[in-house]
Number of protein chains: 2
Amino acid sequence: MTSKRRMGPQDSATSNALLDATERVLREEGYAAATSRRIAQEAGVKQQLVYYYFRTMDELLVATFTRRTQRALARLEQDLAVDRPIQALWQHLVSIVDARLVFEFVALANHNEGIRKEVARFVTESRRIEAAAIARQFGEEGRDTGPITPSAVAFLMYCVSLLLRREAATGITEGHDDVLALIDWALKR
Amino acid sequence: MTSKRRMGPQDSATSNALLDATERVLREEGYAAATSRRIAQEAGVKQQLVYYYFRTMDELLVATFTRRTQRALARLEQDLAVDRPIQALWQHLVSIVDARLVFEFVALANHNEGIRKEVARFVTESRRIEAAAIARQFGEEGRDTGPITPSAVAFLMYCVSLLLRREAATGITEGHDDVLALIDWALKR
DNA sequence: GTCTATACACCGATAGAC
DNA sequence: GTCTATCGGTGTATAGAC
């Protein structure tokens with residue numbers, strides 16, 4: 001039952017332009033707008049060309065996610081290879097992570113099995129890298145942090161940075177100053 | 001330029017059935033599936049009837065959000081009117097808030113101005129209620145919490161509970177045990 | 001209050017020519 | 001590698017009968 005359609009190479013200028021276009025449409029207009037026609041228009045090609053490079057729209061969405069997360073993991077490891085990784089992680093989270101795109105993909109994961117698996121894999125992998133970097137700093141400073149484990153800190157930093165940015169973009173500021181002051185205080189410990 | 005279509009009452013059995021159906025579709029299938037046909041089918045009525053009760057699909061979406069959040073605010077105030085509101089708030093957050101629906105609405109808020117405003121209003125109002133309840137308990141216990149202000153605690157409890165539930169539903173568990181242990185420890189202070 | 005009929009645009013996807 | 005042509009289905013929304 002497989003289609004007889006010809007398929008193009010996985011890494012070409014046009015296919016990358018389609019992945020770029022998909023990211024832009026997801027971020028600016030949401031996943032409901034991520035249609036083959038809209039994305040093709042955004043990339044400056046004909047709608048049918050999308051199906052030369054990707055078998056289905058689903059495959060294009062998953063490819064967009066994996067390309068971005070592979071780059072993100074490399075960038076994360078690079079950013080954490082410094083003296084004080086905990087402070088570097090906070091900087092990374094608030095300046096590199098795109099909260100709009102994250103929410104779009106997480107909402108997609110609610111009802112798209114392919115995206116769900118990739119999101120789970122990426123978050124798990126990121127958190128391990130982050131926890132390892134935090135553990136390194138805890139070890140060097142040689143203090144007993146009790147229930148404040150590296151994994152718990154990784155989770156907290158991730159979720160606070162994500163929600164802070166998402167809420168700010170939504171026009172919510174209630175409590176943000178207080179949380180930022182608390183983070184600042186905690187990072188100086 | 002306004003339409004001459006007749007409109008039905010704002011609060012009837014059928015309009016409420018449509019709001020219920022919209023919630024179910026949003027939760028189970030995502031906002032892209034929240035179409036007039038799909039929602040009408042879910043409510044057991046004809047597609048065109050949606051437009052008797054709601055001017056546009058956008059209006060139906062906003063109405064679904066406001067009905068739910070008005071009920072949620074009432075429930076929140078009720079749940080916090082107890083002896084130890086901080087512990088009660090945590091219970092409320094992990095058992096009442098529907099993380100799937102929250103993410104769907106927040107993703108919608110990314111690119112829907114009507115939803116964005118309502119989300120901002122609701123989160124701000126909730127946080128004020130929560131911070132007031134936390135401040136009450138802090139006051140009774142008469143301790144100096146330093147940078148750990150009521151507003152900061154309200155934000156932290158909200159974002160941790162939301163992400164914990166969302167990640168668990170996505171199949172992510174990395175760091176969850178540690179965070180739950182930390183919360184448990186913090187709630188006992 | 002609910003029905004039928006209908007408009008018109010857009011959707012994913014395929015086939016085959018150039 | 002990109003084009004034209006095309007399919008059946010679904011989207012929002014309106015008008016008017018029952």
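Lettering follows sequence order; numbering is per chain, from 1. Keep in mind it's a predicted model, so treat the numbers as computed, not measured.
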To the nearest Å, how far apart are [X] [atom1] and [N] [atom2]?
X      : N       : atom1 : atom2 : result
I39(A) : dC10(C) : CD1   : C1'   : 14 Å
L18(A) : dG12(C) : CG    : C1'   : 15 Å
Y31(A) : dC11(C) : OH    : P     : 16 Å
D11(B) : dG1(C)  : CG    : C1'   : 16 Å

Pick the closest DNA chain C nucleotide for P9(B) and for R55(A) by heavy atoms, then say which residue is nearer the 5' end. P9(B)

Please walk me through it: do N110(A) and R166(B) pass side-chain hydrogen bond (donor to acceptor under 3.5 Å, both in side chains)? CA-CA 9 Å; N110(A) 275 352; R166(B) 187 78 281 281; 2.7 Å; yes

Aromatic rings F122(A) and F65(A): how do their planes relate, parallel, tilted or perpendicular, breaks at 30° and 60°? perpendicular

Thinking salt bridges, do E42(B) and R38(B) make one under a 4.0 Å N-O criterion? yes

NZ/NE/NH1/NH2 to OD/OE distance under 4.0 Å, K188(A) and D184(A):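 Looking at K188(A) and D184(A), the cut-off is met.
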
In B/S/- notation (B base, S sugar-phosphate only, - none; protein heavy atoms under 4.0 Å), nucleotides 2-12 of chain D written 5' to 3' is BSBBB---SBB

Going by ring-ring contact (aromatic ring centres under 6.0 Å, His included), name the residues that satisfy it together with H176(A), two or more places apart in sequence or in a different chain. F155(B)

Apply side-chain hydrogen bond (donor to acceptor under 3.5 Å, both in side chains) to E23(A) and T64(A), showing your working. CA-CA 7 Å; E23(A) 271 196 22; T64(A) 302; over 6 Å; no

